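Only a predicted model underlies this, so the values are computations on that prediction, with no experimental measurement involved. Below, chain A is the first sequence line, B the second, and so on; all start at residue 1.
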Amino acid sequence: MTTPTLATQSAISDEIAEIAAGAVPGGQQPQLDYAPYRSSLLRHPTKDLQQVDPEGIELWAPCFGHQDVDPLEADLTIQHSGEPIGERITIAGRVVDGSSRPVAHQLVEIWQANAGGRYIHQRDQHPAPLDPNFTGAGRCLTDADGTYTFQTIKPGPYPWKNHRNAWRPAHVHFSLFGTDFTQRMITQMYFPGDPLFALDPIYQSITDQDDRDRLVATYDHDLTRPEWSTGYRWDIVLTGSHRTWMDDEDHT
Amino acid sequence: MSDRLRPTPGQTVGPFFHYALPFAGDSELVPPGRPDAIRLHGRVLDGQVAPLQDALVEIWQADPEGVVVQEPGSIHRDGWTFTGWGRAATDNTGRYSFTTLLPGATEPGAAPFFAVTVFARGLLNRLFTRAYVPGHPALVDDALLSSLDATRRQTLVAAADASGLEFDIHLQGDRETVFLTYPGH
Ligand SMILES: [Fe+2]
């Protein structure tokens, strides 16, 4: 066994720039075959995705209800006996489909590192402190308008071993369901102005700047609560629904 | 389609989802002891046929009569309500396993299948596929299966075994699973 030599950041940045220069505009989604993210090398399909019209079960999505999600699960700062360390924030936004219809009463799940950039996960070896008052996982249901709201603390950036001195921009992982199975998605929300954006192969795997920008929350002073927390707004658009909506169908 | 909003892009699930996404009973759509319960299981494999220990598989299916269930309770799992949805992280041999019911055809003449979503570290966006129920007479007329050559078609049909169905997911390689994209994606 030879220990693979990790690439330098400048080598990774050159790869990122080269792919960006050759990318077709309007890709929308991340490239699955994106070598600067080394773990993707053996984990991306090599054949084109098969275009198919959704049928039967694919036209519907699972339902979640109040027996599934306690409203308190949307507050990641109250899961332990003490207050977590860090910058207390509110993250709120709307989940809509491609036709601007709200995705109502649907499950949103989040998870994140603590303020020091450490996950409670066993495999996280970053020698930053765990916070006994922060787990970093939450859930909620969107309301009738598609709005979700979480109270949490701002996660820290963290190192990973993709290449030498690799650091992820601070982010919150989001898991989303729509009204159709085909809208299922998991993504990451970032914070505005992060200096690590240009260096991060996961963020840069979305080669169109406008599309990348859609993952960045906006500071929103209207969501900021006096003497309590700062607010970030992040709206989420799922791919369009394929079902034929009836005019009188209750989708709000 | 110019009135369509551009979708928010996906990102990898990453390596650290295990303390957040799995929950008690996530892969048990019905309790394991139920007489009509089947097991749907398989491995998630990379381009060197190495198992993924950090993949997450979700299924969404009709009930045995072909009814698309619209009942909440997938997380709460009261033991009586079949919701049609489940989630299973792969173990350290790359295997996922669900306890569920055999899905029925959602329309007369349709081939029953499990709708499957795959997430993993190293996979920059989710992948969709179908696990068809083997031996069903409607398989021969299925539009998707008919559009594929025999080798590719085979990747979408589960194999019957003693406990139910086995469905391996190859992200890459000679036996690469057919992954799907839908209009508007
Ligand atoms: Fe992360």
Side-chain angles (χ1 to χ4, degrees), chain A residues 28-32 34 37 39-40 42-47 49-58 60-65 67-69 96 98-100 109 111 119-121 123-124 135-137 173 175 181-182 184-188 202 205-206 211-212 214-215 236-240 242, chain B residues 3-21 46-48 50 52 58 60-62 68 70-76 78 83-85 103 106-107 110 113 115 117 119-128 144 148 171-172 176 178-185:
Chain A
Q28 295 193 11
Q29 297 292 339
Q31 292 190 6
L32 298 174
Y34 194 74
Y37 178 29
S39 310
S40 75
L42 290 171
R43 295 184 170 200
H44 69 270
T46 56
K47 300 182 169 62
L49 301 180
Q50 183 76 22
Q51 182 85 39
V52 66
D53 285 324
E55 291 174 51
I57 190 77
E58 291 166 329
W60 300 85
C63 291
F64 298 90
Q67 68 269 57
D68 293 310
V69 184
V96 299
S99 308
S100 308
E109 296 160 285
W111 70 103
Y119 285 89
I120 209 161
H121 197 285
R123 282 184 210 158
D124 187 357
T135 300
H173 295 265
S175 163
F181 168 77
T182 59
R184 178 80 181 100
M185 76 123 127
I186 285 181
T187 188
Q188 302 180 24
I202 292 181
S205 68
I206 304 153
D211 289 318
R212 284 200 295 274
R214 272 176 249 284
L215 295 182
I236 299 157
V237 180
L238 304 181
T239 53
H242 298 281
Chain B
D3 59 333
R4 281 284 165 103
L5 302 175
R6 282 175 82 81
T8 306
Q11 291 271 263
T12 181
V13 72
F16 300 134
F17 59 83
H18 294 90
Y19 73 94
L21 297 181
D46 74 9
Q48 293 178 340
L52 270 69
E58 291 179 355
W60 171 230
Q61 63 166 103
V68 177
Q70 292 285 277
E71 289 286 341
S74 295
I75 297 175
H76 178 59
D78 65 9
T83 64
W85 182 81
T106 52
E107 297 167 44
F113 61 85
T117 323
F119 306 93
R121 175 180 68 84
L123 181 58
L124 276 156
N125 206 357
R126 80 274 177 271
L127 292 171
F128 295 110
L144 170 60
L148 301 166
L171 297 183
Q172 202 182 79
E176 185 174 310
V178 173
F179 297 106
L180 308 177
T181 184
Y182 304 95
H185 275 203

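- Judged by distance alone, with hydrogens and angles left aside, the side-chain atoms of R43(A) form no donor-acceptor pair with the main-chain N or O of D46(B) at under 3.5 Å.
- Of the two parts of L21(B), the backbone and the side chain both hold a non-hydrogen atom closer than 4.5 Å to a non-hydrogen atom of chain A.
- Neither the backbone nor the side chain of T83(B) comes within less than 4.5 Å of any heavy atom of chain A.
- F17(B) has its ring centre no less than 6.0 Å from the ring centre of F119(B).
- For a residue to count as touching a neighbouring chain, one of its non-hydrogen atoms must lie under 4.5 Å from one of that chain's; by this rule A115(B) touches chain A with backbone and side chain alike.
- Counting heavy-atom pairs under 4.5 Å between each of L123(B), L52(B), T117(B) and chain A puts L52(B) at the top.
- Counting heavy-atom pairs closer than 4.5 Å to chain B, the top-ranked of the candidates C63(A), G56(A), A137(A) is C63(A).
- Chain B forms the most heavy-atom pairs under 4.5 Å with one residue out of P45(A), S40(A), S39(A), G240(A), and that residue is P45(A).
- By number of non-hydrogen pairs under 4.5 angstrom with chain B, the leading residue of V52(A), T46(A), T239(A) is V52(A).
- For the set W85(B), F113(B), F16(B), the count of heavy-atom pairs under 4.5 angstrom toward chain A peaks at F16(B).
- Proximity to chain A involves both the backbone and the side chain of T181(B), based on heavy atoms less than 4.5 angstrom apart.
- Listed for the T187(A) side chain is a donor-acceptor partner under 3.5 Å among the backbone atoms of P9(B).
- Of all the listed residues (H44(A), M185(A), R184(A), Q29(A)), the one sharing the greatest number of non-hydrogen pairs under 4.5 Å with chain B is R184(A).
- Contact tally against chain B (heavy-atom pairs below 4.5 Å) for I120(A), L238(A), V96(A): the top residue is I120(A).
- Annotation: maximal heavy-atom pairing with chain A below 4.5 Å, among V178(B), L144(B), T12(B), occurs at T12(B).
- In this structure, the portion of R126(B) lying under 4.5 Å from any heavy atom of chain A is its side chain and not its backbone.
- Looking at L127(B), the atoms closer than 4.5 Å to chain A (heavy atoms on both sides) all sit in the side chain, from C-beta outward.
- Contact tally against chain A (heavy-atom pairs below 4.5 Å) for L124(B), D78(B), N125(B): the top residue is L124(B).
- Annotation for I186(A) and W111(A): closest pair CG2-CH2, 4.0 Å, computed over non-hydrogen atoms.
- Contact check for D53(A) versus Y182(B): no side-chain heavy atoms found under the 4.5 Å cut-off.
- The side-chain heavy atoms of Q61(B) and F181(A), taken from C-beta on, include no pair separated by under 4.5 Å.
- The contact between Q70(B) and chain A is made by backbone and side chain atoms together, counting heavy-atom distances below 4.5 Å.
- Taking the side chain as every heavy atom from C-beta outward, S74(B) and F64(A) approach each other to under 4.5 Å.
- Of the listed residues (L180(B), L148(B), V68(B)), the one with the most heavy-atom contacts under 4.5 Å to chain A is L180(B).
- The greatest number of non-hydrogen atom pairs below 4.5 Å with chain A, out of A62(B), P15(B), G47(B), G73(B), is found for G73(B).
- The closest donor-acceptor contact from the side chain of D68(A) to the backbone of H76(B) lies under 3.5 Å.
- In this structure, the portion of F128(B) lying under 4.5 Å from any heavy atom of chain A is its side chain and not its backbone.
- Comparing Q51(A), Q31(A), H121(A), E109(A) by heavy-atom pairs within less than 4.5 Å of chain B, the highest count is held by H121(A).
- Contact detail for T182(A) and P54(A): the closest heavy-atom pair is CG2-CB, 4.0 Å.
- Side-chain atoms of R123(A) and H18(B), non-hydrogen and from C-beta on, do get closer than 4.5 Å to each other.
- For chain A, the nearby parts of V13(B) are the backbone and the side chain; heavy atoms of each come within less than 4.5 Å.
- A donor-acceptor pair shorter than 3.5 Å can be found between the side chains of H173(A) and Y119(A).
- At a 4.5 Å heavy-atom cutoff, the contact between I236(A) and chain B is made by backbone and side-chain atoms alike.
- Proximity of Q11(B) to L215(A): side-chain heavy atoms (C-beta onward) are separated by under 4.5 Å at one or more points.
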